[in-house]
Structure formats: structure tokens, C-alpha cells
Amino acid sequence: MSGGLPDHLPDHASAVLDVVDLIPPGRVMTYGDVAEYLGQGGPRQVGQVMARWGAAVAWWRVLKADGSPPPGHEERALRQYRREGTPLRSDGRRVDLRLARWEGPA
DNA sequence: ATAATGACGTCGG
DNA sequence: TCCGACGCCATTA
């Protein structure tokens, strides 16, 4: 059912990666948003999945509640935001969630 | 079974 | 705005 994502992963992990794969370019979701959308686990569990299997998806589109990119990946994430035209805040270090936040598939 | 860990979130100073 | 303390919860040790 999923497209292109690696298999042999726990169900909860594939569920998370599946949602992340649906986030449109230029838009983002917070760890908490993903957890809430799935209706299971919490932000830390989503982070755990991203840390281990995030490389297979657009990991930079999942970030913290304050709009800052995943710890340790700020540089690469910012590069992607410029490339996708993701709206940033005036400081240029965080995404403007007011504009870029994606509520998830209807 | 108990304790530590972590790509989090919220709140108070 | 920045930082630390706490709460949260599946996974690991």
C-alpha cells in the first residue's frame, strides 16, 4: 500500500512514515501533529521513528512545535526549505507554522 | 520487572 | 528570546 517506503518496519513506524510521505512540499507538520493525527503514541514516539527510519522520507517536513528543525539537522533542513519555498520566520532559522502548517489529509 | 533514554511539548523564570 | 524543570510514553538496557 505504501509507495517506495522500506518494509520490515513495525506497524506504528510505517504508519508515521506513511503520513510524513503525504505532507506536500513547502508544508510541514510538528511531531505532535503527526501523533495527534494518528491518534496513538505521542510526540516522542514520532521522534523515535524519525530518528530511526526518517531518512527514507521527507524528514525535514516534520519539526518541533516552535517551528525549529530537527536537532542536529538544521543546516540540511534550511536548505530544503529554501528549495521548496517553505515560509520561514523573520529570524530565518524557524519555519512560520502559521503559514506552512499542514493539517493532514482531509 | 525496574531504570534509563530520546529528532517532544508546555510552562515558569 | 533563551533556558531549565517536568510530564509524557514506547523502546532499550
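Just so we're on the same page: letters track the sequence lines, and every chain starts at 1. Just so you know, these numbers use all the heavy atoms, side chains as well, and skip hydrogens, waters and symmetry mates.
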Quiz item: Nearest to the side chain of Q45(A) - dA7(B), dT1(C), dC9(C)?
Solution: dC9(C)
Self-check item: Rounded distance (nearest 0.5 Å) linking atom CZ of R76(A) with atom CH2 of W59(A)
Solution: 6.0 Å
Practice problem: Would you kindly give the CE-to-P distance between M50(A) and dC9(C), to the nearest whole Å? | Solution: 21 Å
Exercise. Calculate, to the nearest 0.5 Å, the distance between atoms CZ and CG belonging to R101(A) and D96(A) respectively.
Key: 11.5 Å
Self-check item: Atom pair CG (L63(A)) and NE2 (H73(A)), whose distance is rounded to the nearest 0.5 Å
Solution: 13.0 Å
Practice problem: Give, ordered by number, those residues of residues 23-38 of chain A having at least one heavy-atom distance below 4.0 Å to an atom of DNA chain B; if nothing qualifies, reply none. | Solution: T30(A), Y31(A), G32(A)
Practice problem: Have a look at Q48(A) and say if it touches a base, only the backbone sugar-phosphate, or nothing, with a 4.0 Å heavy-atom cut-off. | Solution: nothing
Exercise. Could you check whether R94(A) gets within reach of a base, just the sugar-phosphate, or nothing at all, counting any heavy atom under 4.0 Å?
Key: sugar-phosphate
Quiz item: Under the 3.5 angstrom rule, does the side chain of E74(A) hit a backbone N or O of G72(A) as a donor-acceptor pair?
Solution: yes
Self-check item: Of G42(A) and R52(A), the one whose closest DNA chain C nucleotide lies more 5'
Solution: G42(A)
Exercise. Grab the CZ-P distance between R76(A) and dA7(B) for me, whole Å please.
Key: 14 Å
Quiz prompt | V20(A) vs M29(A) side-chain heavy atoms within contact, under 4.5 Å | solution = no
Quiz item: What is the distance from CG of D66(A) to C1' of dC8(B), rounded to the nearest Å?
Solution: 10 Å
Quiz item: Taking C-beta and beyond as the side chain, do R89(A) and L97(A) meet within less than 4.5 Å on heavy atoms?
Solution: no
Quiz item: Heavy atoms under 4.0 Å, any strand shown: does A51(A) hit a base, just sugar-phosphate, or nothing?
Solution: base
Quiz item: Could you state the CZ-C1' distance from R89(A) to dT1(C), rounded to the nearest angstrom?
Solution: 10 Å
Quiz item: Should we say atom CD of E36(A) is surrounded by more than 12 heavy atoms from elsewhere, each under 6.0 Å from it?
Solution: no
Quiz item: In whole angstrom, what separates L97(A)'s CG from dC8(B)'s P?
Solution: 15 Å
Quiz item: Could you give the NZ-to-P distance, from K64(A) to dC11(B), as a whole number of Å?
Solution: 16 Å
Quiz item: Considering only side-chain heavy atoms of P71(A), which listed nucleotide, dA7(B), dT1(C), dC2(C), is closest?
Solution: dA7(B)
Quiz item: Of all the choices, dA7(B), dC2(C), dG6(B), which nucleotide is nearest to the side chain of R44(A) once you look at every atom?
Solution: dG6(B)
